Amino acid sequence: MDCRQVTFSPEKSRERTHKALQVFPRKLLMRVLAFALHLLGANRKEVAALVEMPEESVKTLLRVVLRDGFSALRDRRLSATPPIAVAPPSPTQIIVSHGHEGWIVEFGTQGETLNIPATHRIQARTVVLSLLNAGALTLSQSASVLGICDAHCRELARKLASHDVADALVDKREGQKQDFRVGPEQKAELIQQLAARAITGHDTSSEVLAEQVNEQTEAGVSARTIRWHIRHLGLSDIRQSLPQLVETLKKTPTDRG
DNA sequence: TCGATGTTAGTTCTGCCAAT
DNA sequence: ATTGGCAGAACTAACATCGA
């Protein structure tokens, strides 16, 4: 669908969105809009910015909607029943609040405060969960101020009770840990082919190397991937240096005489 | 507490295309 | 002809939430 000639009015959008929010939960409405913008051809990054969602959430949304259809537009983890009202927290001597600036911990009798910037999430968790473990805050107060569910809050507090902050609270995600197409066998073949061809003066272009690696290992990788690995293995320059090194070594007596 | 599901952060892979 | 930057897809694993 070509929308380039369509005029979009920010005023009308504000008006209509406001009206729609009387009926739709904000999150659901944003998910519907994200999917519609995607269908109309908008760039995913721009879609994410427009609906104020992380780009990765938009990615996940599009994947599940295209797989499961309309039902996937709502967060299926959410219960259909309305939330149960939570009893007000019991008064404590320490009060923790969370705003745009960060967290404020009020304690003592003279109104002393500890300010934790919004960017210091681990510090906030350390303080709040320590107070929870010490019995100075309730579970629901702690979970609410940290913006996590009670069950997860309980789990983090339990971990912090038996582990240091680095083990209990620091995010350890590292992403994909191993290559899934170019493994040790393919790398060995790549290095072998590149070295042998560089020394003998044969073609060392990524096209040829990809052909050889695929032939020997049935990897099915592209020339671009071969170039990517050549660069990340630090092999980009050995095409020039390796033949010179071999010539030098030929003229030098071997260690064994 | 646990399994299912969604989210997030990171790496690898690949097509496109400008630069060399 | 070949390389390498860029963007986005594909993938992995940890984090987080939810309901039973």
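In this text, all values refer to a predicted model and were calculated from it rather than measured experimentally. Chain letters run A, B, ... following the sequence lines, proteins first, then strands; residues in each count from 1.
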*Asks:* What is the distance, to the nearest angstrom, from the CG atom on Leu146(A) to the C1' atom on dT17(C)?
*Replies:* 15 Å
*Asks:* Holding to side-chain contact (heavy atoms from CB on, under 4.5 Å), I want the full list of residues that pass it with Gln240(A), two or more places apart in sequence or in another chain.
*Replies:* none
*Asks:* Mind calculating the distance between CD1 (Ile122(A)) and P (dA9(B)) to the nearest angstrom?
*Replies:* 12 Å
*Asks:* In whole Å, I'd like the distance from the CG atom of Leu139(A) to the P atom of dT1(B).
*Replies:* 12 Å
*Asks:* Describe the nucleic acid contact of Arg158(A) in one word from base, sugar-phosphate, nothing, applying a heavy-atom distance below 4.0 Å.
*Replies:* nothing
*Asks:* By side-chain contact (heavy atoms from CB on, under 4.5 Å), which residues pair with Ser206(A), not counting sequence neighbours?
*Replies:* Ala223(A), Ile226(A), Arg227(A)
*Asks:* What is the separation between atom CZ on Arg154(A) and atom P on dT17(C), rounded to the nearest whole Å?
*Replies:*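 Spelled out: CZ on Arg154(A) to P on dT17(C) is 13 Å.
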*Asks:* Rounded off to whole Å, could you give me the CG-to-C1' distance for the Asp237(A) and dG4(C) pair?
*Replies:*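 Rounded to the whole Å, the gap is 13 Å.
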*Asks:* Go through the structure and list residues passing salt bridge (Lys or Arg N to Asp or Glu O under 4.0 Å) with Lys251(A), not counting sequence neighbours.
*Replies:* none
*Asks:* I'd like to know if the side chain of Gln186(A) and the backbone of Gly183(A) have a donor-acceptor N/O pair within less than 3.5 Å.
*Replies:* yes
*Asks:* If you round to the nearest 0.5 Å, how far is CG of Leu194(A) from CD1 of Ile238(A)?
*Replies:* 4.5 Å
*Asks:* Where along residues 189-203 of chain A does a heavy atom fall under 4.0 Å from DNA chain C?
*Replies:* Asp203(A)
*Asks:* Applying salt bridge (Lys or Arg N to Asp or Glu O under 4.0 Å) as the test, list every pair that has at least one member in residues 198-214 of chain A; sequence neighbours left out.
*Replies:* none
*Asks:* In whole angstrom, what separates His232(A)'s NE2 from dT3(C)'s P?
*Replies:*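 From His232(A) NE2 to dT3(C) P: 16 Å.
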*Asks:* Partners of Arg231(A) by salt bridge (Lys or Arg N to Asp or Glu O under 4.0 Å), sequence neighbours excluded?
*Replies:* none
*Asks:* Side chain of His229(A) only, heavy atoms from C-beta on: which candidate in dT2(C), dT12(B), dT14(B) is closest?
*Replies:*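 Selected nucleotide: dT12(B).
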*Asks:* Taking side-chain contact (heavy atoms from CB on, under 4.5 Å) as the definition, give me every residue that meets it alongside Glu185(A), ordered by chain and number, with sequence neighbours left out.
*Replies:* Thr217(A)
*Asks:* Touch check for Ser206(A), heavy atoms < 4.0 angstrom, all strands: base, sugar-phosphate only, or nothing?
*Replies:*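 Ser206(A): backbone/sugar contact only, no base atoms under 4.0 Å.
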*Asks:* Please state how far atom CD1 in Ile148(A) lies from atom C1' in dA14(C), giving the value in whole angstrom units.
*Replies:*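 To the nearest whole Å, that distance equals 15 Å.
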*Asks:* Between atom CG in Leu156(A) and atom C1' in dC15(C), what is the gap in whole Å?
*Replies:* 9 Å
*Asks:* Choosing from dT17(C), dC13(B), dG5(C), which nucleotide comes nearest the side chain of Trp228(A)?
*Replies:*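 Shortest atom-to-atom distance from the side chain points to dC13(B).
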*Asks:* For nucleotides 15-20 of chain B, which of its nitrogen or oxygen atoms have a protein nitrogen or oxygen under 3.5 Å away, and what is each distance?
*Replies:*
residue, atom, partner, partner atom, Å
dG15(B), O6, Arg224(A), NE, 3.1

*Asks:* Which is more 5' along DNA chain C, the nucleotide nearest Cys153(A) or the one nearest Ser205(A)? Just name the residue.
*Replies:*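 Looking at the nearest nucleotide for each, Ser205(A) comes out on the 5' side.
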*Asks:* Please list, chain by chain and in numerical order, all residues satisfying side-chain contact (heavy atoms from CB on, under 4.5 Å) with Leu139(A), sequence neighbours excluded.
*Replies:* Leu132(A), Asp150(A), Cys153(A), Arg154(A)
*Asks:* At under 4.0 Å, does any side-chain N or O of Arg239(A) touch on OP1 or OP2 of dT3(C)?
*Replies:* yes
